[in-house]
Peer 1: 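Would you mind keeping the following structure in view while I ask a few things?
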Amino acid sequence: MKLHEYQAKGVFADAGIPTPASELADSVDEVLAAAEEIGYPVAVKAQVQVGGRGKAGGIKLVESDEEAREAAESILGMDLKGIHVDRVLVEEAVDFVNELYVGVTMDRGEGKPVAMVSTRGGVNIEEVAEEDPDAIVREHVDPAFGMHPYQARKAVYEAGVDRAVANDVASVLRTLYQLWDDKDGADAEINPLMVTSDDEVIAADAVMNIDEDALFRQPEIAEMEDESASGDELEQKADEYGFDYVRLDGNVGIIGNGAGLVMTTLDLVDYYGGAPANFLDVGGGAKAERIANALDMVFSDDNVDSVVFNIFGGITRGDEVARGINEALEQFDEIPKPVVVRLAGTNWEEGLEILNEDLVTVEQTLEDAVQRAVDYAEEVEA
Amino acid sequence: MSVLVDDDTRVVVQGITGGEGNFHAEQMIEYGTNVVAGAVPGKGGQEVHGVPVYDTVEAAAREENADASVIFVPPAFAGDAVFEALDAPIDLAVAITEGIPTQDMARVNKRLDEVDTRLIGPNCPGIITPGEAKLGILPGNIFSSGNVGLVSRSGTLTYQVVDNLTDRGLGQTTAIGIGGDPIIGTDFVDALELFEADEDTEAVVMCGEIGGEDEEEAAAYIGEHMDTPVAGFIAGRTAPPGKRMGHAGAIVSGSGTGTAESKIQALNDAGVPVGDTPGEVADAVEDLL
């Protein structure tokens, strides 16, 4: 789960990381009032979950009421990479002399947390990592002990951070690690961490992703989730149903159990000359209702011309799947899009007996099922 | 005819009184697995499917000489359950649970360096030596005994590929589902080492997917150290960059590594044929044998 900038900044500030004065606003009047209170110049920043907000016109630096009004009017209500902007953060503009990067994430290759520092902040850090990997100092942390103060100092000195602010930056890094650890972070980043002419350090941006699997023990973070919803209606619906769902560009709807098998089904659709419309994993042990919800999801996508249902039961049972498919399709006078079903594994024979073959096309193998679904989609397009 | 588990393996089921643990303990016993105990805090003294339940894994290991553990414990408590197995101690722990917080697994991973236990999983279907023992949730009926080793990051994809193998009369020595989480115990290289050392395994199938660099590392290992031929499959060729496809393992950074192309390329460079479909993987294995 990704926090909005203003949410992450709140979490960082509570932990003692210096952040600029800021206020959230959802109208032009509120922007003006906030700017008045903070004092010009201020930055007006769209609060949506997309990268490159600045380049897309979602962040503006303003120095007067007139400019603030213009910025608020243009940003509030705009569509930023497909997501409607309904809130902005009005923030003190920091006068900086240097921009640093600090971050904490899980190094999956090492199976250990890693803290990172770079003097090349304020730019796309992934690009820096690729062009000049040595520009980012990495310090692995023992998850049982946490980050020792010396490790934070070592990373900061190695990165070549100005001595005047080295201790403060080390302190920010260690606080960031502690937060990441306490809040079950996936990533926690500050880019840029600004250094002012008075040798102060201030977090001018804040990124915090939380491990979804750990939300059960992070009630305060979980409460922020409603406000972080994705902009895509279908993906929101998938969240409500609790599916792993990704919308794609094609016209063959895909439902299956298990991420690897669903991805393989996508790949086969492509292999047979079709184009996948989505990735939908019903997960393990899905009951009939869940199967019906999955069909509802895929039928809701106007781009879908045919659907392939690929279930290989282990923990999931073929009879439950068949009941779900019947349940979903029997509500229609006319089936909205042709559905091809392939059932294998646990209770597949029982499943095929239950399945109403007037409503679906049954195929025995994965290959045949995918090919048939691609053919159906082509017929619709023709 | 196997690696890690056979009909001598003495298995304790952690969480045997829960819904999943109870159901799959029964399935494992029906398959012929030598399940000797259950372990559930506070449920010591009970009996489930004819096996005694202990309050701790340590007691189960001590009283019943258990040397392997299968973990069906809800995610919030599963990290602790793995620690308990490691400290019991148990030789082999198989964690089926999906959704264990990553930071819990980082701590488990640290402890794994300090103990002799081998961990499989978490978020995996388990391990099976056909006809002898299964530890996990794999549907036993699709497997058959033979000379092909299989290691996979994805559960249902394992079933699909096994189905294709069995269909062609290609039985398996052992199949290991290593799981798709960011931090796992046994990885591809570990499993490949085991198959390489196993006299009965004459070919290996490796099923990977997008995300991470485990397949690339496995390819390097195969190229340098393996005489046993390997065939591969990589799921997620059509996945768009930056999208998370299901579990955490399957995210493409878009930066060149972790993509299906880079994995397939690395495997091909190591002399591993990679099938475009699961059926083609079975064809490739036939050619290798």
Side-chain angles (χ1 to χ4, degrees), chain A residues 106 108-113 126 129-130 141-145 180-181 184-186 211-217 244 246-250 256-271 275-276 279 281 283-285 310-316 344-346 365-367 370, chain B residues 20 24 75-76 98-107 109-112 125 137-139 141-142 152-160 163 180 182-184 207 209-214 217 233 235-240 243-250 253-256 260 276-279:
Chain A
M106 186 67 77
R108 59 176 289 167
E110 295 286 324
K112 282 181 190 156
E126 281 87 9
E130 231 166 87
V141 179
D142 182 329
F145 290 111
W180 177 87
D181 194 25
D184 277 299
D211 178 0
E212 307 251 350
D213 288 335
L215 281 180
F216 69 88
R217 62 185 176 202
D244 277 322
V246 179
R247 187 176 193 166
L248 302 166
D249 300 330
N257 64 325
L261 187 65
V262 182
M263 280 196 285
T264 301
T265 314
L266 261 68
D267 294 349
L268 281 183
V269 165
D270 180 68
Y271 181 79
F279 166 101
D281 179 7
N310 181 27
I311 298 289
F312 209 123
I315 206 163
T316 305
T346 309
T365 70
L366 169 58
E367 283 86 352
V370 169
Chain B
E20 297 289 333
H24 289 288
E98 177 179 357
I100 302 180
T102 308
Q103 296 192 359
D104 293 0
M105 278 311 300
R107 293 183 179 99
N109 188 56
K110 155 82 177 165
R111 176 56 64 91
L112 282 172
I137 58 175
L138 313 108
N141 61 312
I142 61 170
S152 171
R153 260 169 82 180
S154 157
T156 45
L157 180 56
T158 307
Y159 311 160
Q160 174 65 48
D163 208 37
I183 300 180
I184 55 174
C207 298
E209 61 187 25
I210 52 170
E213 288 169 11
D214 300 40
E217 282 167 23
F233 182 77
R237 293 162 185 245
T238 50
K243 288 283 189 183
R244 186 180 144 128
M245 295 281 180
H247 49 67
S253 61
S255 64
D276 283 336
T277 69

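As a basis for the values below, the full set of heavy atoms in this structure was taken, side chains included, without hydrogen atoms, waters or symmetry mates. A note on names: the letters A, B, ... follow the listed sequences, proteins ahead of strands, and every chain is numbered from 1.
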Peer 1: Measure B/Leu112 against the heavy atoms of chain A and call it side chain, backbone, both or neither at under 4.5 Å.
Peer 2: neither
Peer 1: Can B/Thr102 and A/Asp211 be counted as having a side-chain donor-acceptor contact under 3.5 angstrom?
Peer 2: yes
Peer 1: For A/Met263 versus B/Ala235, what's the shortest heavy-atom pair and its separation?
Peer 2: CB-CB, 4.1 Å
Peer 1: Sort B/Glu20 into side chain, backbone, both or neither according to what part of it lies under 4.5 angstrom from a heavy atom of chain A.
Peer 2: side chain
Peer 1: Among B/Ala76, B/Pro75, B/Pro101, which has the most heavy-atom pairs under 4.5 Å with chain A?
Peer 2: B/Pro101
Peer 1: What part of A/Phe312 is in contact with chain B, defined as an atom under 4.5 angstrom from a non-hydrogen atom: side chain, backbone, both or neither?
Peer 2: both
Peer 1: Using non-hydrogen atoms and a 4.5 Å limit, figure out which bit of B/Ile142 sits close to chain A: side chain, backbone, both or neither.
Peer 2: side chain
Peer 1: Of the listed residues (A/Leu215, A/Thr365, A/Asp142), which shares the most heavy-atom pairs with chain B below a 4.5 Å separation?
Peer 2: A/Asp142
Peer 1: Pick whichever of B/Ile183, B/Asn141, B/Asp214, B/Ile184 has the most heavy-atom pairs under 4.5 Å with chain A.
Peer 2: B/Ile183
Peer 1: Testing the basics here: between A/Pro143 and B/Arg107, what is the closest heavy-atom pair and its distance to 0.1 Å?
Peer 2: O-NE, 3.2 Å
Peer 1: Using non-hydrogen atoms only, which part of A/Ile311 is less than 4.5 Å away from chain B: side chain, backbone, both, or neither?
Peer 2: neither
Peer 1: How close do B/Asn109 and A/Glu110 get, heavy atom to heavy atom, and via which atoms?
Peer 2: ND2-O, 3.6 Å
Peer 1: Could you report the tightest heavy-atom contact between B/Pro139 and A/Gly313, atom names first, then the distance?
Peer 2: CG-O, 3.6 Å
Peer 1: Under a 4.5 Å cutoff for heavy-atom pairs, which residue among A/Pro113, A/Gly185, A/Ala275 has the most contacts with chain B?
Peer 2: A/Gly185
Peer 1: By a 4.5 Å heavy-atom criterion (distance strictly below it), what part of A/Leu266 contacts chain B: side chain, backbone, both, or neither?
Peer 2: both
Peer 1: State which residue, out of A/Thr264, A/Asp270, A/Asp267, fulfils the side chain to side chain donor-acceptor pair (under 3.5 Å) condition with B/Thr238.
Peer 2: A/Asp267
Peer 1: Kindly give the heavy-atom pair with the smallest separation between A/Leu366 and B/Pro278, and that separation in Å.
Peer 2: CD2-CG, 4.2 Å
Peer 1: Using side-chain heavy atoms (C-beta onward) and a distance below 4.5 Å, is B/Gln103 in contact with A/Met106?
Peer 2: yes
Peer 1: Quick one: what part of A/Asp249 sits under 4.5 Å from any heavy atom of chain B, side chain, backbone, both or neither?
Peer 2: neither
Peer 1: Between A/Tyr271 and B/Asp276, what is the shortest heavy-atom contact and its length?
Peer 2: CE1-CB, 3.5 Å
Peer 1: B/Lys110, B/Arg237, B/Gln160, B/Arg111: which one forms the most heavy-atom pairs within less than 4.5 Å of chain A?
Peer 2: B/Gln160
Peer 1: For chain B, which candidate among A/Gly314, A/Ala214, A/Pro276, A/Gly256 shows the most heavy-atom pairs at distances under 4.5 Å?
Peer 2: A/Gly314
